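Beneath this line is the structure, given in structure tokens, with notes to follow.
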Amino acid sequence: MAALLLCGVAAYAILAATPQRGPAIERSYWIWNANDLDYAVADAGLILYQGNADADWHFHARGVSAYPLAGSGPVTLLFRLYKLGPPEDVAARYRSLKRRWASHGVAVAGLQIDYDSPSSRLPEYRRWLIRLRAQLAGEPVSVTSLVTYVFDAPQALERLAGVVDYLAMQLYAGYVPHDNIRSVVRFLRTSAISHRIGITLSPEFPPDAELCGRYCLGVSVFLNKDAPRP
């Protein structure tokens, strides 16, 4: 019995001294063209760029066209907007593209809006998103977010976050980390904003676990076309 007790104590001491890994941070990838798919990890979530609406509200199909996409995790469709036009137009195009992907056996799990709103117009953007969600009842909707909102209009950002499923906070400037990412991460950890952390493949970014804390749903990776590939 004494021998067993000593063995148990020794085993406990070994376990206590061994660093324990936390749960892995889930990664997804922004896919802006078909070549990006070569660098996404198998079974990872994909955010597929589908085109943009220009300042005249003309939609231009871009990115990855619908085809039988095998070996991926959840798929989200992304629209890049250069103005806020009628939300019913966005909803109609999303539903059309969702059906197109479904015809190839790909289940689309939501829509992401990429719109660089001026900080002063975040309340207007919030109202627009409410109207969009009314057109897309039951569909997950997320948005990208600029770092500048944290410093220019934090309260407006928090209110906007309350009408979407999550914000994708883009912590990069081009390819490298933004200068103020530590301040942004602290803000996200102390506010009740559901978010994902947006990074690039730059080795200058801290480990995912240092960026993704409370209320963080995971990390999304922007595969910059001019960045070094792994």
Side-chain angles (χ1 to χ4, degrees), residues 11-33 35-49 64 69 71-76 78 80 109-110 112-114 116 140-154 157-158 160-161 164-230:
Y12 176 80
I14 292 172
L15 287 172
T18 302
Q20 300 299 303
R21 292 179 178 271
I25 306 297
E26 184 268 326
R27 277 196 170 197
S28 61
Y29 294 83
W30 278 299
I31 304 296
W32 289 81
N33 58 65
N35 291 335
D36 285 345
L37 290 167
D38 295 335
Y39 303 98
V41 175
D43 299 323
L46 302 178
I47 306 161
L48 304 178
Y49 172 52
V64 183
L69 188 63
S72 76
V75 170
T76 298
L78 181 145
R80 171 71 173 158
Q112 185 166 107
I113 299 295
D114 183 29
D116 295 342
V141 175
S142 59
V143 298
T144 60
S145 176
L146 301 177
V147 163
T148 52
Y149 300 154
V150 172
F151 306 101
D152 297 344
L157 178 61
E158 289 181 317
L160 185 147
V164 294
D165 287 87
Y166 69 86
L167 303 178
M169 182 62 71
Q170 299 166 319
L171 293 186
Y172 47 85
Y175 175 58
V176 298
H178 195 281
D179 290 340
N180 296 316
I181 64 170
R182 297 292 184 184
S183 297
V184 176
V185 169
R186 281 196 298 271
F187 169 81
L188 293 171
R189 286 185 173 181
T190 56
S191 63
I193 294 178
S194 293
H195 65 278
R196 296 185 66 88
I197 293 294
I199 65 171
T200 71
L201 293 174
S202 169
E204 296 179 41
F205 278 97
D208 291 358
E210 293 183 19
L211 298 172
C212 194
R214 192 179 185 191
Y215 305 115
C216 180
L217 305 177
V219 170
S220 295
V221 182
F222 179 41
L223 300 165
N224 313 51
K225 66 179 181 179
D226 297 324
R229 299 295 189 174

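Worth saying up front: this structure is predicted, and the values here are computed from it rather than measured.
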Margin query: Would you say D165 and S142 are linked by a side-chain donor-acceptor pair, where the criterion is simply a distance under 3.5 Å?
Written below: no
Check: Charged N to carboxylate O below 4.0 Å: is that the case for D116 and R80?
Finding: yes
Notebook entry, point to check: If you take all heavy atoms of S191 and E158, which pair is closest and at what distance?
Noted result: CB-OE2, 3.1 Å
Next item on the list: Could I get the full list of side-chain contact (heavy atoms from CB on, under 4.5 Å) partners for V41, not counting sequence neighbours?
Entry: Y29, A44
Item checked: Minimal non-hydrogen separation, P206 against E210, with atom names -> CB-OE1, 3.5 Å
Checklist line | Partner of F222 under ring pair (Phe, Tyr, Trp, His ring centres under 6.0 Å), chosen from Y49, Y172, Y39 | finding: Y172
Note to self: Tell me if a side-chain donor or acceptor on D208 pairs with a main-chain N or O of L211 at a distance below 3.5 Å.
What the structure shows: no
Notebook entry, point to check: Per the side-chain contact (heavy atoms from CB on, under 4.5 Å) rule, which among E26, M169, R27 passes with R196?
Noted result: E26
Note to self: Within the structure provided, determine whether I199 and I181 are in side-chain contact (heavy-atom separation under 4.5 Å).
What the structure shows: no
Item checked: Identified side-chain contact (heavy atoms from CB on, under 4.5 Å) partner of C216 from the options I193, I197, L188 -> I197
Check: What is the minimum heavy-atom distance between I47 and S28, and which atoms define it?
Finding: CD1-OG, 3.9 Å
Checklist line | Sub-4.5 Å side-chain heavy-atom contact between W30 and D36 | finding: no
Checklist line | Pairwise side-chain contact, L167 with L160, heavy-atom cut-off 4.5 Å (strictly under) | finding: yes
